[in-house]
Amino acid sequence: MDNGGPLILRIALDTPLRRAFDYQPPADLPSAALARGFRPGVRVRVPFGRRRLVGVLLETVAESAVEPGRLKAALEILDQEPVFDPVTFDLLRWAAEYYRHPIGEVFAAALPAPLRAGQAADGRIEAWVPTEQGRRELASPGDRRAPRQRALLAWLSARAPVTADDLSAPFDRSHLRNLASRGWIEPIERPIAAPSPAVDAGSLQPSPAQAAAVAAVTATLGRFAAHLLHGVTGSGKTEVYLRAIAASIADGGQALVLVPEIALTPQLVERFQRRFGAGVVALHSGLGERERRDAWRAAHAGRARIVIGTRSAVFVSLQRLALVVVDEEHDASYKQQEGFRYSARDLAVLRAQRAGVPIVLGSATPSLETLENAAQGRYARHSLPQRPGGAQPPRISLIDMRRVASEQGVSQPARAAMTAHLAAGGQVIVYLNRRGYAPCLFCMHCGWVAPCAHCDARMILHRRAGQLRCHHCGAHGPVPSACGACGQALAPVGQGTERIEETIARWFPTTPLARLDRDTATSRGALEAVLARVRRGEARILVGTQMLSKGHDFPEVSLVVVLDADQGLFASDFRATERLAQSITQVAGRAGRGTRAGEVLVQTAYPEHPLLTRLIGAGYEAFAAAAITERRAARWPPFSRLALLRAEARDAAGLDAFLRAAAAAGRNLAEPDLQVLGPASALIARRADHFRAHLLVEHASRAGLQRFLGAWLARVEALPGPKGLRWSIDVDPLEVD
Ligand code: ADP
Ligand code: ZN
Ligand code: ZN
């Protein structure tokens with residue numbers, strides 16, 4: 001207990017500094033608060049330079065490196081109770097260590113903005129309504145006292161019940177207290193929708209495979225167990241989640257469901273709400289700040305029984321977590337690619353482990369890491385080999401582009417198949433993972449290609465927008481009318497989705513067509529609109545990038561054409577082939593989900609490439625088995641652990657010198673089983689006028705890599721670098737570029 005020594009608050013503040021900050025407790029703390037002590041996980045408002053920041057109390061300590069006399073006092077303790085459940089609080093501290101990221105930014109990533117600004121967290125919603133006296137006051141015009149208070153009273157009466165968070169400037173909580181002290185308003189407990197148990201228990205008869213998976217998961221409720229649910233697209237994985245969740249929340253538990261994309265959530269959330277009624281909340285970046293805050297509070301307070309969220313929802317506070325589900329666990333969007341580079345999938349497993357609850361990882365195309373975990377017996381594996389209701393898996397075949405005629409990148413056989421499927425009333429998906437009109441603007445005369453002035457990259461032609469755009473730095477400009485070198489005419493070479501759309505519209509002038517890529521889905525509404533048009537059958541052909549490979553259920557799609565499988569075949573990244581196999585399998589899975597038989601055509605100039613023949617001939621699992629063997633031989637993850645130190649600067653020589661010094665510092669540590677590779681230039685060696693390069697660190701074990709990083713990064717931080725140098729560390733990088 002309190003030994004009479006000084007008590008110091010160690011606080012995580014949202015700053016890029018890799019440390020916590022020490023403060024004295026607030027000066028005028030009520031004795032009740034003092035008696036309660038300072039609980040780690042409560043928020044504290046502190047002075048920071050000229051600003052006031054809200055941070056999270058990590059711990060109390062007896063001594064600080066700062067002289068006692070120079071420690072500032074915190075201003076206010078904002079919470080009585082921690083704003084995180086204990087497991088999540090520890091998980092965040094662990095993640096800051098593991099991913100080597102400033103702890104204040106880690107905690108900030110876990111809280112919705114209004115909570116970071118100090119709004120109430122406890123979910124106890126204090127709502128206000130006018131009293132009888134208040135109504136009389138309003139009804140008696142002519143009284144001119146306290147005009148502001150009266151204005152607030154009128155506003156409040158019109159929309160009661162009102163909470164302090166509903167107020168906007170200049171009004172705040174203190175004005176409500178003022179009205180209350182006049183007897184004009186009174187607090188009520190705002191009625192909270194009680195979560196109803198299963199509204200619709202589900203009329204479907206689960207298949208034997210589904211029933212077995214549900215039974216296996218529910219048998220592990222109350223303890224940690226990881227389950228891989230490997231089911232082809234449309235095989236009924238969601239149905240398994242729903243049933244396992246129903247069991248997990250039956251006696252008051254909460255379930256956390258992670259999904260990769262915001263695009264998937266509306267349909268999925270609806271489906272959950274149909275089954276479970278109220279008590280289902282969504283948590284993703286497409287929400288407004290208030291919606292996010294309210295969803296977060298509902299989760300924290302236990303009013304939400306099921307939280308469906310994207311990546312950062314892995315950090316939502318759930319006091320009664322009973323089950324975790326990660327849908328499409330292979331999806332790259334679970335890894336944050338900038339700033340705090342965490343893997344929500346990996347952290348979800350850790351969270352389940354620490355909370356002592358089961359986790360279900362579902363996918364039609366599990367990551368090689370997860371498959372290996374299952375092979376080693378760490379994850380239990382359940383398969384859903386068939387689609388329910390007799391829907392057949394699609395027939396996949398390769399089109400050898402060297403042997404067939406094609407126009408604008410679309411082969412004759414693909415065109416013929418489109419004609420046939422459209423005539424039979426089916427819908428068609430055409431997949432090309434490259435947006436824009438053409439990937440380069442080329443001079444036939446001298447070979448000049450329009451470059452980006454700021455990157456080592458070509459400008460992409462966006463014809464409809466009348467622009468050349470760089471997909472790496474965002475630079476854009478008008479389309480030049482002539483070659484920049486010799487003045488001859490220029491021609492667009494290659495295809496992007498915009499050009500494919502144009503070509504196909506020419507072939508099928510009366511067939512309504514939609515395009516889905518980052519240029520058309522500029523907002524959530526636009527994305528929804530395109531998906532709805534396809535779902536309603538108004539658009540018969542859908543051209544798009546990988547955005548359309550994700551989870552969408554379009555029952556009338558009978559043909560999928562993959563225009564260019566070759567982009568991923570020869571890429572340098574060690575995960576490139578895994579990604580390619582996953583996207584082909586996923587996009588192929590859009591075909592034949594309803595009663596129509598599905599057909600998938602994959603165009604390639606390398607039809608004998610072993611990756612493609614194995615994938616098409618024997619399926620994703622056979623591909624994965626071979627890919628795992630290759631990974632093991634090459635000592636790539638999961639057979640080693642990686643960290644990537646990325647750096648960029650305007651001065652190429654200075655950048656190189658910095659990375660060489662960093663590499664030398666690492667090698668000097670003489671950690672056994674560790675390799676420091678590089679420096680190597682990034683694939684796009686110059687982007688936005690900055691040169692980019694990296695060091696790759698590889699270790700046989702996770703613990704060894706962590707031990708090394710601790711010692712190494714302290715040295716790297718002390719190294720001099722060129723002006724404007726920026727560097728970051730990526731632990732378990734998804735791409736080594
Ligand atoms: P996944 O999540 O694997 O893509 P879903 O759970 O969405 O698959 O199921 C695909 C379709 O099959 C949905 O329309 C769903 O209602 C239906 N379905 C799932 N399980 C069954 C079942 N046991 N019997 C009949 N239809 C089912
Ligand atoms: Zn030229
Ligand atoms: Zn650029």
Side-chain angles (χ1 to χ4, degrees), residues 226 228-233 235 260 326 328-335 343 345-346 349 361-379 381-385 393-394 396-398 431 433 546 549-550 562 564-589 600 602 604-642 644 677 683 696 698-702 730 732-737:
L228 164 59
L229 182 62
H230 183 187
V232 299
T233 46
S235 61
V326 182
E328 308 292 354
E329 66 83 32
H330 66 281
D331 199 285
S333 73
Y334 284 122
K335 172 82 178 180
S343 158
R345 192 263 322 269
D346 293 352
V349 176
L361 303 166
S363 178
T365 52
S367 63
L368 300 188
E369 281 85 349
T370 295
L371 285 171
E372 180 60 15
N373 274 322
Q376 297 298 324
R378 286 188 287 266
Y379 295 0
R381 181 176 183 152
H382 317 286
S383 297
L384 302 180
I396 308 186
S397 36
L398 295 174
Y431 169 76
N433 206 9
Q546 54 151 16
S549 69
K550 315 245 174 170
V562 177
D564 182 4
D566 300 341
Q567 285 184 64
L569 283 181
F570 304 103
S572 60
D573 194 88
F574 78 96
R575 268 187 244 267
T577 51
E578 178 186 353
R579 293 263 164 267
L580 176 66
Q582 285 165 343
S583 34
I584 291 179
T585 310
Q586 290 283 347
V587 75
V600 179
V602 179
T604 175
Y606 306 91
E608 59 289 300
H609 192 289
L611 162 71
L612 289 175
T613 51
R614 209 175 285 122
L615 183 67
I616 308 300
Y620 181 79
E621 254 180 289
F623 154 78
I628 286 177
T629 307
E630 280 173 22
R631 288 258 184 107
R632 185 182 286 114
R635 291 220 319 161
W636 285 116
F639 305 101
S640 65
R641 296 291 161 186
L642 304 179
L644 192 68
L677 306 166
L683 205 56
L696 182 64
E698 188 222 274
H699 198 289
S701 84
R702 215 187 260 281
D730 189 349
D732 302 334
L734 218 50
E735 287 156 1
V736 290
D737 178 42

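Note: hydrogens, waters and symmetry copies are ignored here, and every other heavy atom, side chains too, is used. Source: prediction; values computed, not measured.
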Run Arg579 and Asp573 through side-chain contact (heavy atoms from CB on, under 4.5 Å) and show every step you take.
CA-CA 10 Å; Arg579 293 263 164 267; Asp573 194 88; over 6 Å; no

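One finds no salt bridge joining Lys335 and Asp732 here, because no Lys/Arg side-chain nitrogen approaches an Asp/Glu carboxylate oxygen to under 4.0 Å.
Taking CG from Leu229 and CZ from Arg381, the interatomic distance works out to 10.5 Å, rounded to the nearest 0.5 Å. Separation of atoms NE2 (His330) and OG (Ser363) is listed at 4.5 Å; rounding is to 0.5 Å. The distance from atom CG of Leu734 to atom CZ of Arg575, rounded to the nearest 0.5 Å, is 5.0 Å. Put simply, CG on Leu398 and NE2 on His609 are 12.0 Å apart, with the number rounded to the nearest 0.5 Å. Expressed to the nearest 0.5 Å, how far CG of Asn433 lies from CG of Asp564 amounts to 9.5 Å. How far OG of Ser343 is from CD of Glu369: 9.0 Å, rounded to the nearest 0.5 Å.
Between Pro260 and Ser333, the shortest heavy-atom contact is O-OG, 2.8 Å. Annotation for Ala622 and Arg614: closest pair O-CD, 3.6 Å, computed over non-hydrogen atoms. Nearest approach of Ala565 to Thr604, heavy atoms of both residues: CB-CB, 4.5 Å. Among all heavy-atom pairs drawn from Ala588 and Val600, the shortest one is CB-CG2, 3.6 Å. In terms of heavy-atom proximity, Asp566 sits nearest to Ala605 at OD2-N, 2.8 Å.
Aromatic ring pairs are classed by plane angle as parallel below 30°, tilted from 30° to 60° and perpendicular above 60°; the pair Tyr606 and Phe570 is perpendicular.
Side chains of Val349 and Val326 form no contact here, defined as non-hydrogen atoms less than 4.5 Å apart. Here the side chains of Leu228 and Asn373 are not in contact, with every heavy-atom distance at 4.5 Å or above. Counting heavy atoms from C-beta outward, Ile584 and Leu612 have side chains that approach closer than 4.5 Å. Between Gln582 and Tyr620, some side-chain heavy-atom pair lies under the 4.5 Å cut-off.
Counting only distance, with no hydrogens or angles, the side chain of His230 and the backbone of Ala364 share a donor-acceptor pair below 3.5 Å. Using modelled atom types, one side-chain atom of Asp737 and one backbone atom of Leu683 make a donor-acceptor pair closer than 3.5 Å. Checked by atom type and distance alone, the side chain of Glu578 pairs as donor or acceptor with a backbone atom of Leu368 at under 3.5 Å.
Using a 3.5 Å distance cut-off with no hydrogens or angles, the side chains of Glu329 and Ser367 do pair a donor with an acceptor. A donor-acceptor contact closer than 3.5 angstrom is absent between the side chains of Tyr334 and Glu328.
The salt bridge (Lys or Arg N to Asp or Glu O under 4.0 Å) test with Glu372 is passed by exactly one of Arg378, Arg632, Arg631: Arg632.
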